[in-house]
Peer 1: 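This is the structure I have questions about; it appears just below.
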Protein chains: 2
Amino acid sequence: MTKYFELISQTILFKGLPDQHIDELLKIAREKDFVKNVLIFTEGDNGDGFYINVEGLVKIFKLSPEGKEQILHIFGPGEPYGEVPVFSGQTFPANAETLSKCRSLFFPRKAIVNLITENPSIALNMLAVLSLRLRQFTVQVENLSLKEVPGRLAAHLLILSIEQDKTDTINLNISKSQLASLLGTIPETLSRILSKMAGQNLIDVQGRKIKLLDIEGLEMLAQTGRIADIEKL
Amino acid sequence: MTKYFELISQTILFKGLPDQHIDELLKIAREKDFVKNVLIFTEGDNGDGFYINVEGLVKIFKLSPEGKEQILHIFGPGEPYGEVPVFSGQTFPANAETLSKCRSLFFPRKAIVNLITENPSIALNMLAVLSLRLRQFTVQVENLSLKEVPGRLAAHLLILSIEQDKTDTINLNISKSQLASLLGTIPETLSRILSKMAGQNLIDVQGRKIKLLDIEGLEMLAQTGRIADIEKL
DNA sequence: TTATTTTTTTGACATAAGTCAATGCAGACC
DNA sequence: GGTCTGCATTGACTTATGTCAAAAAAATAA
């Protein structure tokens with residue numbers, strides 16, 4: 001497991017922990033490999049541990065009674081997921097499915113609880129992580145209720161450009177249908193809005209690569225959330 | 001502060017803690033009184049501590065650039081709020097304002113961090129609480145994106161009937177405008193939907209009191225989220 | 001390569017919900 | 001009692017976005 005030392009010490013959950021604690025964590029970790037489109041856990045399952053993703057993409061989503069899917073998160077390498085029910089002692093509130101061939105480390109609930117009891121600093125770290133997640137959700141709730149789809153899309157593209165540290169061409173990494181679900185809409189609507197934004201020279205779409213042509217315009221769109229305001233230019 | 005012993009030991013944040021820890025907590029708490037419509041903190045403020053509400057109502061909300069308000073939570077007596085940035089060491093992600101005359105206990109960040117370092121079990125408790133909050137947000141995101149307003153309203157009414165432990169007449173406790181914001185909509189839409197649901201004998205509205213006439217119908221509405229399915233009856 | 005499946009785009013249409021504006025109603029206060 | 005102010009309702013209208021269906025494009029497999 002020591003080959004994951006670097007990765008684990010970089011994850012937000014354990015960043016800043018002393019080396020010996022990382023070693024202890026690696027001792028209780030179990031390697032899990034998944035092929036594409038595998039359900040890792042489903043809503044209602046017992047939360048007997050959490051995961052840190054090593055490679056590939058994992059989507060966290062909920063299903064409506066009619067089967068419509070709302071993606072809550074998509075996690076890449078180094079990101080923890082499934083940690084919510086570990087402490088609340090309840091079941092998973094959503095489903096997790098791989099979007100590609102995937103490898104994750106699994107940390108069993110009991111071992112983690114023991115470790116925390118012995119090392120309070122780990123707990124403080126994790127408290128910070130959960131707080132951060134909570135903050136992200138706050139933003140997502142705001143996006144879903146306060147902004148229309150063009151605004152959410154613009155905000156998402158700007159976040160990607162920061163994450164990928166690029167000011168020109170960004171990479172979605174996921175399909176447009178999945179992006180639609182992440183934004184709380186459907187592929188048709190997303191497609192129309194993408195071409196509308198391209199028509200206004202805000203962006204240039206090339207498959208999964210999107211060139212940001214007018215950062216300022218996108219920021220305005222992300223702020224006001226109404227494409228109408230931009231069209232009037 | 002000992003007069004708050006009962007209350008603190010009942011809050012979700014500290015439930016199950018041994019008495020001596022509650023005593024320590026009470027030592028670091030500060031009483032804060034607010035009149036109606038006072039901003040307790042605003043988005044961007046430094047999170048140098050969190051609150052537990054003692055009496056009155058506090059709303060947590062975000063504002064869109066145009067000033068539209070999205071209420072995230074409304075907290076009553078015994079409920080903690082503002083705990084998110086205490087651990088992430090960041091600023092508050094939303095605003096807090098009193099809806100009535102209000103009293104809250106304030107717990108400074110540093111004192112809490114010290115206490116946790118000495119008593120890991122407190123941290124485990126708090127981890128559970130944050131996890132729970134996270135779970136609530138997951139549901140809220142689902143509601144906002146997967147259900148239409150009638151569905152969200154029905155779900156909300158059913159939750160209230162459980163919280164208030166009543167099967168017949170429930171009390172909103174807040175104005176209908178505030179309820180609209182909590183559901184991610186506007187007063188006009190809420191008004192129309194309330195009368196529509198009354199016309200179908202699902203509920204009976206008397207000011208802030210709402211009589212639930214057809215629990216099964218409401219549950220179906222909360223599930224499917226589409227009032228059309230009900231209308232066809 | 002060709003064939004087959006999946007994803008994306010486009011069009012016509014239906015509808016939920018927001019905007020604007022006017023009116024009605026209730027409690028607070030003089 | 002009357003006036004005032006905030007809240008709730010109603011109506012006419014606009015618009016964003018979902019639904020359904022079909023075509024086009026892209027990805028994958030044979």
Side-chain angles (χ1 to χ4, degrees), chain A residues 35-37 64 66-71 99-101 143-154 172-199 203 205-210 221 224-232, chain B residues 36-37 59 64 66-71 99-101 143-154 172-199 203 205-210 221 224-232:
Chain A
V35 295
K36 192 179 171 181
N37 295 330
S64 74
E66 300 94 42
K68 189 183 161 190
E69 173 180 307
Q70 165 69 41
I71 298 181
L99 288 176
S100 59
K101 190 166 148 302
N143 279 341
L144 285 173
S145 58
L146 258 35
K147 287 183 199 150
E148 280 144 3
V149 182
R152 297 178 225 162
L153 174 59
L172 293 182
N173 288 325
I174 55 174
S175 79
K176 285 177 187 160
S177 314
Q178 280 153 6
L179 177 60
S181 170
L182 199 52
L183 296 175
T185 185
I186 55 173
E188 292 97 318
T189 299
L190 176 63
S191 176
R192 284 181 239 269
I193 289 170
L194 278 172
S195 51
K196 197 177 233 172
M197 284 169 67
I203 56 175
V205 185
Q206 307 272 337
R208 290 186 181 185
K209 312 238 182 211
I210 294 184
L221 195 53
T224 66
R226 315 187 108 252
I227 204 161
D229 301 340
I230 307 284
E231 275 179 294
K232 283 169 195 152
Chain B
K36 192 178 169 181
N37 295 329
K59 76 171 170 194
S64 75
E66 301 94 39
K68 190 183 159 189
E69 173 180 307
Q70 165 70 38
I71 298 181
L99 288 177
S100 60
K101 190 165 151 300
N143 278 341
L144 285 173
S145 57
L146 258 33
K147 286 184 201 147
E148 281 145 3
V149 181
R152 295 179 225 162
L153 174 58
L172 293 181
N173 288 324
I174 55 175
S175 78
K176 286 177 185 159
S177 310
Q178 280 153 7
L179 176 60
S181 171
L182 199 53
L183 295 174
T185 184
I186 56 173
E188 293 96 317
T189 299
L190 176 64
S191 176
R192 283 182 240 268
I193 289 169
L194 278 173
S195 50
K196 196 177 233 170
M197 285 169 68
I203 56 174
V205 185
Q206 307 271 337
R208 289 187 180 185
K209 311 237 183 216
I210 294 185
L221 195 54
T224 67
R226 315 189 107 250
I227 203 160
D229 301 341
I230 307 282
E231 277 179 294
K232 280 168 197 152

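Every value quoted in this text rests on a predicted model; they were computed, and no experiment measured them. To find a chain, count down the sequence lines: A is the first, B the second, and so on, and within it residues start at 1.
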Peer 1: Ignoring hydrogens and angles, does a donor from either the side chain of E188(A) or the base of dC20(D) sit under 3.5 Å from an acceptor on the other?
Peer 2: yes

Peer 1: Taking the minimum atom-to-atom distance to the side chain of S191(A), which one of dT9(C), dA17(C), dC7(D) wins?
Peer 2: dT9(C)

Peer 1: Go through dG18(C), dT17(D), dT9(C) for me and flag the one nearest to the P150(A) side chain.
Peer 2: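 Nearest nucleotide to the side chain: dT17(D).
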
Peer 1: Going from CD1 on I186(A) to OG on S181(A), what distance comes out if it is rounded to the nearest 0.5 angstrom?
Peer 2: 11.5 Å

Peer 1: Please give, in whole Å, the distance from dT6(C) C1' to R208(A) CZ?
Peer 2: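 R208(A) atom CZ is separated from dT6(C) atom C1' by 12 Å.
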
Peer 1: Any idea which heavy atoms bring I203(A) and L194(A) closest together, and the distance?
Peer 2: CD1-CD2, 3.8 Å

Peer 1: Would you check if T185(B) and I193(B) make a side-chain contact, meaning some heavy-atom pair closer than 4.5 Å?
Peer 2: no

Peer 1: Any idea which of dG18(C), dT7(C), dT10(D) is nearest the T185(B) side chain?
Peer 2: dG18(C)

Peer 1: Q178(A) has an atom CD; how far is it from atom C1' of dT8(C), in whole Å?
Peer 2: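 Going from Q178(A) (CD) to dT8(C) (C1'), I get 13 Å.
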
Peer 1: How many whole angstroms separate atom CD of E148(A) from atom P of dA17(C)?
Peer 2: 14 Å

Peer 1: Taking only the side-chain heavy atoms of R192(A) (C-beta and beyond), determine which of dT9(D), dT10(C), dA17(C) contains the nearest atom.
Peer 2: dT10(C)

Peer 1: For K176(B) and dA26(C), what is the distance between atoms NZ and P respectively, to the nearest whole Å?
Peer 2: 11 Å

Peer 1: Can you tell which of dG18(C), dT10(D), dT9(C) lies closest to the side chain of T189(B)?
Peer 2: dG18(C)

Peer 1: Does S177(B) place a side-chain N or O at less than 4.0 Å from the phosphate oxygens OP1/OP2 of dA8(D)?
Peer 2: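 For S177(B), the contact criterion (side-chain N or O under 4.0 Å from OP1 or OP2 of dA8(D)) is met.
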
Peer 1: Looking at the side chain of S175(B), which of dT9(C), dT10(D), dC7(D) is the nearest nucleotide?
Peer 2: dC7(D)

Peer 1: Round to the nearest Å and state the distance from L190(B) atom CG to dG18(C) atom P.
Peer 2: 10 Å

Peer 1: Please state how far atom CG in N37(A) lies from atom P in dT6(C), giving the value in whole angstrom units.
Peer 2: 11 Å

Peer 1: Let me know the distance between NZ of K196(A) and C1' of dT9(C), rounded to the nearest Å.
Peer 2: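 Going from K196(A) (NZ) to dT9(C) (C1'), I get 15 Å.
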
Peer 1: Let me know the distance between CD of Q206(A) and P of dA27(D), rounded to the nearest Å.
Peer 2: 12 Å

Peer 1: Mind checking the CG-NZ spacing from L183(B) to K176(B)? Nearest 0.5 Å is all I need.
Peer 2: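 These two atoms lie 13.0 Å from each other.
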
Peer 1: Is any side-chain heavy atom of Q178(A) less than 4.5 Å from a side-chain heavy atom of I71(A)?
Peer 2: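 Yes, close enough: below the 4.5 Å cut-off.
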
Peer 1: For the side chain of I186(A), counting heavy atoms from C-beta on, which of dG18(D), dT17(D), dT9(D) is nearest?
Peer 2: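 So the nucleotide nearest the side chain must be dG18(D).
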
